[in-house]
Trainee: 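After the C-alpha cells below, expect a handful of questions from me.
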Protein chains: 2
Amino acid sequence: MLDGVETAQIYIERWAAAAGATGPCPVRDVLDKIGDKWSMLLVMTLAGGPKRFNELHRAVPDISQKMLTQTLRDLQRDGLVSRHVFDTKPPSVEYRLTRLGHSLIVPFGHLIEWANGSIRRIEAARKDFDAAR
Amino acid sequence: MLDGVETAQIYIERWAAAAGATGPCPVRDVLDKIGDKWSMLLVMTLAGGPKRFNELHRAVPDISQKMLTQTLRDLQRDGLVSRHVFDTKPPSVEYRLTRLGHSLIVPFGHLIEWANGSIRRIEAARKDFDAAR
DNA sequence: GCATGCACTTACCTCAAGGTAATCTTCACT
DNA sequence: AGTGAAGATTACCTTGAGGTAAGTGCATGC
C-alpha cells in the first residue's frame, strides 16, 4: 500500500476503469452492501465464529427477524456467508463466513480504524459548521 | 495491520466498545456517509485535486445539481472538504479535500482493491445461488 | 393440552434518500 | 433587450429500505 496523492490517482483510475468495464461499478455494488444497515455488523459478528440464527439474533438484538433473514440471504447469495442445516430434532441452522467473507475483514478493518480515529475531528467539524450557521 | 481471525476479534471489540461509548457508533456514522450514493465518488474525484462546482458536475455527470450541492455541504460539514469562494466576475467556488478528507483515501482504497479483486467471485456466487433457486 | 423455542415467511406501513424541474442572482457578451 | 454561465435553492414526487406484527410447522417440557 502506497500513500499520498498518487495513491488516490491509482485508486480512482482503477475505480473508473472498473466502472466503465463491466457495466455497473464493482465498487458501487460492494458499497451498497457495506452501506446497508446490517450486513457488516453481521459479518463482523460472524468473524468471531459460526453462529446459529437465534444466536445471531441475541448477539444483534435490535435487528428484526425479517432483516436478519434477508441480510443473511443476501450475504449468502454474494458468497460471503455459508448456511448449514443440521437435521436435529428442531432443525438447527448454522451460519459461517466463507473465505471470501473472511477476506473482507481486513480491508473493512482499515475503515473501522479510520472511523474510530477520525470521529472526534468529524464531530468537531460538525460543531464548528453548525455554529457558523 | 495484522491478519487472520484474531484481527477480526480486535476490530469487533473496538467497534463494540466505540458503539457503547459515545451513544451512536462512529462506524455506523461513517458507514452512512460512505454508503450513500455520491459522497465517496466526490471524495475520490476531489482526490485528483481541487475542483469547481461545474467542473465536478462535468466529472460526475449523472449526479443532479441538488445532490451535488447537498453532498458537498455534508462533506464540508464533516470536515472532509473545504469550500473557497473567489470574488471573480461571476463568483467561482472551489472545493478541495482537507487533510482529514485525504486521510480517508488510503483506508477506502483497501476497500476498492477488495471490491475489484472480489467482484468476479461475488458474481459467480450470485449465479450459483440463483441457479440453485 | 398448552406454551415455548427454533427458523422462518408474509402483509402492511413509514420515512427518508434521491430524482426532476423550475426558479434565482449577478455579470458579461452581442 | 435577450441569452448564457456560475452556483445554487425550492417544491414536488417516487422508490425502496427497513420496521411491526402476526402466522407457520414441528418438537420438547410442564
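These values consider heavy atoms only, across backbone and side chains, with no hydrogens, waters or symmetry-generated copies. Numbers restart at 1 for each chain; the letters A, B, ... are given by sequence-line order, proteins then strands. For clarity, every value in this text was computed on a predicted model and none was experimentally measured.
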Trainee: Quick one: A:Lys51 NZ to C:dC6 C1', roughly how many Å, whole number?
Mentor: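 After rounding, the reported distance stands at 18 Å.
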
Trainee: Rounded to whole angstroms, how far apart are CG on A:Leu68 and C1' on C:dA7?
Mentor: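 Roughly 10 Å, once rounded to whole Å.
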
Trainee: Is there a chain of hydrophobic side chains (I, L, V, M, F, W, Y, each step under 4.5 Å between heavy atoms) that links A:Leu56 to A:Met40?
Mentor: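 Linked within one cluster.
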
Trainee: Quick one: label B:Ser92 by what it contacts on the DNA or RNA (base, sugar-phosphate, nothing), any heavy atom closer than 4.0 Å.
Mentor: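 Sugar-phosphate, backbone atoms only, no base.
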
Trainee: Can you find a side chain N or O atom of B:Arg83 that sits less than 4.0 Å from OP1 or OP2 on D:dG7?
Mentor: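 Answer no for this pair, as no side-chain N or O of B:Arg83 is under 4.0 Å from OP1 or OP2.
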
Trainee: So which protein nitrogen or oxygen atoms get under 3.5 Å of nucleotides 18-22 of chain D's nitrogens or oxygens?
Mentor:
from, atom 1, to, atom 2, distance (Å)
D:dG18, OP1, A:Lys37, N, 2.9
D:dG18, N7, A:Lys66, NZ, 3.3
D:dG19, OP1, A:Lys37, NZ, 2.9
D:dG19, OP2, A:Trp38, NE1, 3.4
D:dG19, N7, A:Lys66, NZ, 3.3
D:dG19, O6, A:Lys66, NZ, 2.3

Trainee: Between B:Ala47 and B:Ile105, which heavy-atom pair has the shortest distance, and what is it?
Mentor: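 So the minimum-distance heavy-atom pair works out to CB-CD1, 3.5 Å.
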
Trainee: Between D:dG7 atom P and B:His84 atom NE2, what is the distance in whole Å?
Mentor: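 Answer to the nearest Å: 14 Å.
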
Trainee: As an exercise, state the distance from CG of B:Asp62 to CG of B:Leu41, rounded to the nearest 0.5 Å.
Mentor: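 CG of B:Leu41 is found 7.5 Å from CG of B:Asp62.
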
Trainee: How about CZ on B:Arg120, more than 12 heavy atoms from neighbouring residues, nucleotides or ligands closer than 6.0 Å, or not?
Mentor: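 Check fails, neighbour count at 12 or below.
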
Trainee: Nearest whole Å is fine: how far is D:dG4 C1' from B:Asn54 CG?
Mentor: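 After rounding, the gap between these two atoms is 12 Å.
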
Trainee: Is B:Arg52 close enough to D:dG7 that one of its side-chain N or O atoms is under 4.0 Å from OP1 or OP2 there?
Mentor: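 Checking D:dG7 against B:Arg52, a side-chain N or O does come within under 4.0 Å of OP1 or OP2.
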
Trainee: How many whole angstroms separate atom CG of B:Asp87 from atom P of C:dT25?
Mentor: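 For the pair B:Asp87 CG and C:dT25 P, the rounded distance is 19 Å.
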
Trainee: What is the distance from CG of B:Asp74 to P of C:dA16, rounded to the nearest Å?
Mentor: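 Computing the B:Asp74:CG to C:dA16:P distance gives 15 Å.
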
Trainee: Just call it for A:Tyr95: base, sugar-phosphate, or nothing, with non-hydrogen atoms closer than 4.0 Å on any strand.
Mentor: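 Result for A:Tyr95 = sugar-phosphate.
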
Trainee: Find the distance B:Leu72:CG to D:dA8:P and express it as a whole number of Å.
Mentor: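 That distance rounds to 8 Å.
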
Trainee: For C:dC6, does OP1 or OP2 lie under 4.0 Å from any side-chain N or O of A:Arg58?
Mentor: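 Looking at the OP1 and OP2 atoms of C:dC6, one of them is under 4.0 Å from a side-chain N or O of A:Arg58.
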
Trainee: Which pair of non-hydrogen atoms, one from A:Leu100 and one from B:Trp114, has the smallest distance, and what is that distance?
Mentor: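 Heavy atoms of A:Leu100 and B:Trp114 come nearest at O-CZ2, 3.8 Å.
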
Trainee: With no hydrogens and no angle check, is any side-chain donor or acceptor of B:His110 less than 3.5 Å from a backbone partner on A:Phe108?
Mentor: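 Side chain of B:His110 to backbone of A:Phe108: no pair is present.
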
Trainee: Could you state the CG-P distance from B:Leu42 to C:dG18, rounded to the nearest angstrom?
Mentor: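 About 11 Å, once rounded to whole Å.
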
Trainee: Is a donor on one side and an acceptor on the other found under 3.5 Å between the side chain of B:Arg28 and the backbone of A:Lys37?
Mentor: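 Yes, the answer is positive, given that a donor and an acceptor are paired below the 3.5 Å cut-off.
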
